[in-house]
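Everything numeric here is computed off the predicted structure, so don't read it as measured data. Sequence lines set the chain letters: A, B, ... in the order given, protein chains first and strands last, and positions in each chain run from 1.
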2 protein chains.
Amino acid sequence: MTQLDLTDETTGPPPKLGRKRDHTRDPEILQAALDVLAEEGYEGMTIDMVAARAKAGKATLYRRWASKGELIIDAVACMKKSDLDFSQLPDTGTLRGDLVGMIRPHSIEDGERKLKVMAGLSSMLARTPELAEAANAAIVEPRAAANRFLIHRAIDRGEVAPDVDIETISLISPSMTAYRVLVLHKPVDREYLISLIDGVLLPALGITP
Amino acid sequence: MTQLDLTDETTGPPPKLGRKRDHTRDPEILQAALDVLAEEGYEGMTIDMVAARAKAGKATLYRRWASKGELIIDAVACMKKSDLDFSQLPDTGTLRGDLVGMIRPHSIEDGERKLKVMAGLSSMLARTPELAEAANAAIVEPRAAANRFLIHRAIDRGEVAPDVDIETISLISPSMTAYRVLVLHKPVDREYLISLIDGVLLPALGITP
DNA sequence: TATATCCGAAACTCACAAGTACCGCATATA
DNA sequence: TATATGCGGTACTTGTGAGTTTCGGATATA
């Protein structure tokens with residue numbers, strides 16, 4: 001113990017010799033983890049599957065993540081990046097136009113994938129708060145947030161009464177699509193989403209199309 | 001091969017000697033399986049846990065079910081028994097009265113338990129159609145069926161327009177409570193259920209309270 | 001009472017997956 | 001160029017859980 005732990009700061013960079021870690025591979029590995037997670041679930045996923053799909057060695061994965069659990073948390077957290085920011089949400093002048101404008105092939109596909117990951121995780125969520133937090137931030141919250149934003153704008157326009165239960169109503173479409181995919185195993189297509197908008201969401205907001 | 005397989009019929013009762021199997025224990029074992037399932041999930045549940053909780057030997061379980069998978073399917077199917085039949089649904093004269101009348105401590109507790117089991121199963125549902133079918137019949141369908149029944153009666157009374165999307169609207173409350181419990185991990189209490197009825201369900205049916 | 005089966009309990013086999021160690025090669029610093 | 005590290009790949013160790021077997025004791029038929 002001569003001069004240990006006295007490095008400059010933030011887990012100081014001890015040496016700088018030898019080959020550097022290729023961090024461009026991190027996203028590929030996390031993507032592979034998400035693929036396996038969506039197909040096999042938390043327990044069904046093995047590190048070997050992830051390594052094989054990422055064409056990486058198992059040791060490489062363990063050099064970067066301490067355990068399977070940490071890898072999964074990182075993988076789930078990295079889904080958040082595919083989120084759309086509010087500035088590029090549709091702005092058609094009517095709430096219905098905005099909601100319908102959000103239905104695009106990519107967003108449907110993306111949503112379905114996220115739900116499959118969520119299904120694979122769900123038995124763990126109750127026992128792993130860290131994972132539950134990551135899943136909520138990456139999968140759940142973004143969808144509700146977009147709906148909240150659009151409804152608030154509709155209230156500002158005077159299109160919707162200001163006393164509606166925004167929280168609950170923003171969760172209608174995430175909840176019902178999740179249920180439809182995970183429990184009912186029925187497809188979520190444009191037709192279904194529009195029937196949700198016209199048959200449930202807008203009426204609940206007092207708009208009768 | 002002298003006279004095998006020539007028993008009278010329906011997998012004939014071969015002998016009738018020795019101690020008989022005590023089938024009164026079956027429900028206890030299935031209950032234990034559901035308890036563990038709700039707490040640990042499909043993969044987290046072990047046969048030893050179930051046997052221990054049921055105070056039974058592991059061999060006893062394997063004498064009655066060929067595998068863990070079959071035990072779980074049977075356990076899920078046996079949840080269906082706690083269902084209420086239509087004849088004892090509330091009949092208050094208004095849809096809102098009927099829906100509110102369905103909110104009882106027991107039904108909330110029962111629903112929460114079923115959802116926890118569902119959460120434990122969800123990673124398997126996509127890969128095990130037999131399980132998905134059992135889960136749907138035991139957990140999902142009964143709740144939707146009750147709602148459908150009440151809405152149909154409201155239509156017959158003229159309280160609700162006959163052209164509403166009964167299928168979708170009957171799934172609002174099951175979907176959103178499931179989402180709230182499984183994904184949001186928030187409690188489902190009387191207040192929340194009433195806000196769902198008054199803020200979403202009735203408006204979607206064209207009733208403005 | 002003799003026999004066959006069930007019971008709970010515990011020991012066992014077997015397969016599989018997390019995590020580790022090592023190989024030969026690639027790539028970086030000094 | 002010498003050294004130290006990361007790389008993909010493979011073999012290994014270890015723990016755990018499904019399913020099987022065995023045991024002494026209980027309970028049924030004949």
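- Of the possible donor and acceptor atoms, none in the side chain of B:K116 sits under 3.5 Å from a partner among the backbone N and O of B:G111.
- Although no hydrogens or angles enter the test, the distance criterion places no donor-acceptor pair under 3.5 Å between the side chain of A:S123 and the main chain of B:A119.
- In this view, A:D48 and A:K58 satisfy the salt bridge (charged side-chain N to carboxylate O under 4.0 Å, His left out) rule, not counting sequence neighbours.
- Between the side chain of A:T94 and the backbone N or O of A:G97 there is at least one donor-acceptor pair closer than 3.5 Å.
- Contact check, B:T46 against D:dG17: no side-chain N or O comes under 4.0 Å of OP1 or OP2.
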Pairs under 3.5 angstrom only: tabulate donor-acceptor contacts from the side chains of residues 140-147 of chain B to other protein residues two or more places apart or in another chain.
residue : atom : partner : partner atom : Å
B:E141  : OE2  : B:R148  : NH2          : 2.4
B:N147  : ND2  : B:S170  : O            : 3.1

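- For the pair B:H23 NE2 and D:dT27 P, the interatomic distance rounds to 17 Å; values are reported in whole Å.
- Counting heavy atoms from C-beta on, the side chains of B:D98 and B:M102 never come closer than 4.5 Å.
- Across the protein-nucleic acid pair, A:W65 atom CH2 and C:dT20 atom C1' stand 18 Å apart, rounded to whole Å.
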Less than 3.5 Å apart, which donor and acceptor atoms pair up between the side chains of residues 173-182 of chain B and the rest of the protein, not counting sequence neighbours?
residue : atom : partner : partner atom : Å
B:S175  : OG   : B:L171  : O            : 2.6
B:T177  : OG1  : B:S173  : O            : 2.8
B:T177  : OG1  : B:P174  : O            : 3.1
B:R180  : NE   : B:P187  : O            : 2.7
B:R180  : NH2  : B:P187  : O            : 3.3

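- Counted within 6.0 Å of CD on B:E130, heavy atoms from surrounding residues, nucleotides or ligands total 12 or fewer; the atom is thus considered open.
- One finds the NZ atom of A:K55 at 10.5 Å from the CD atom of A:E28 (value rounded to the nearest 0.5 Å).
- Between the C1' atom of D:dC12 and the CG atom of A:D48 lies a distance of 13 Å, rounded to the nearest Å.
- Environment of NE2 in A:H185: crowded, with over 12 heavy atoms of neighbouring residues, nucleotides or ligands closer than 6.0 Å.
- Against DNA chain D, the stretch residues 49-57 of chain A makes heavy-atom approaches under 4.0 Å through A:K55, A:A56, A:G57.
- Where B:I47 and A:L61 each meet DNA chain D at their nearest nucleotide, the meeting point lying more 5' is that of A:L61.
- Counting to the nearest Å, the P atom of C:dC6 and the CD1 atom of B:I29 are 13 Å from each other.
- In this structure, the NZ atom of B:K68 is 15 Å from the P atom of D:dT20, given to the nearest Å.
- Within residues 120-127 of chain B, no residue has any heavy atom under 4.0 Å from DNA chain D.
- Across the protein-nucleic acid pair, B:I72 atom CD1 and D:dA18 atom C1' stand 12 Å apart, rounded to whole Å.
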Give each protein N/O atom lying under 3.5 Å from an N/O atom of nucleotides 22-29 of chain C, with the pair distance.
residue : atom : partner : partner atom : Å
C:dA26  : N3   : A:R19   : NH1          : 3.3
C:dT29  : OP1  : A:K20   : NZ           : 3.4

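- Across the interface with DNA chain C, nearest-nucleotide mapping of B:K58 and B:R21 shows B:R21 to be the residue nearer the 5′ end.
- Rounded to an integer number of Å, the gap from CD of A:E43 to P of C:dA18 is 10 Å.
- In this entry the distance linking CD of B:E40 with P of D:dG17 reads 10 Å, nearest Å.
- With hydrogens and angles disregarded, a donor-acceptor distance shorter than 3.5 Å links the side chain of B:R127 to the backbone of A:E40.
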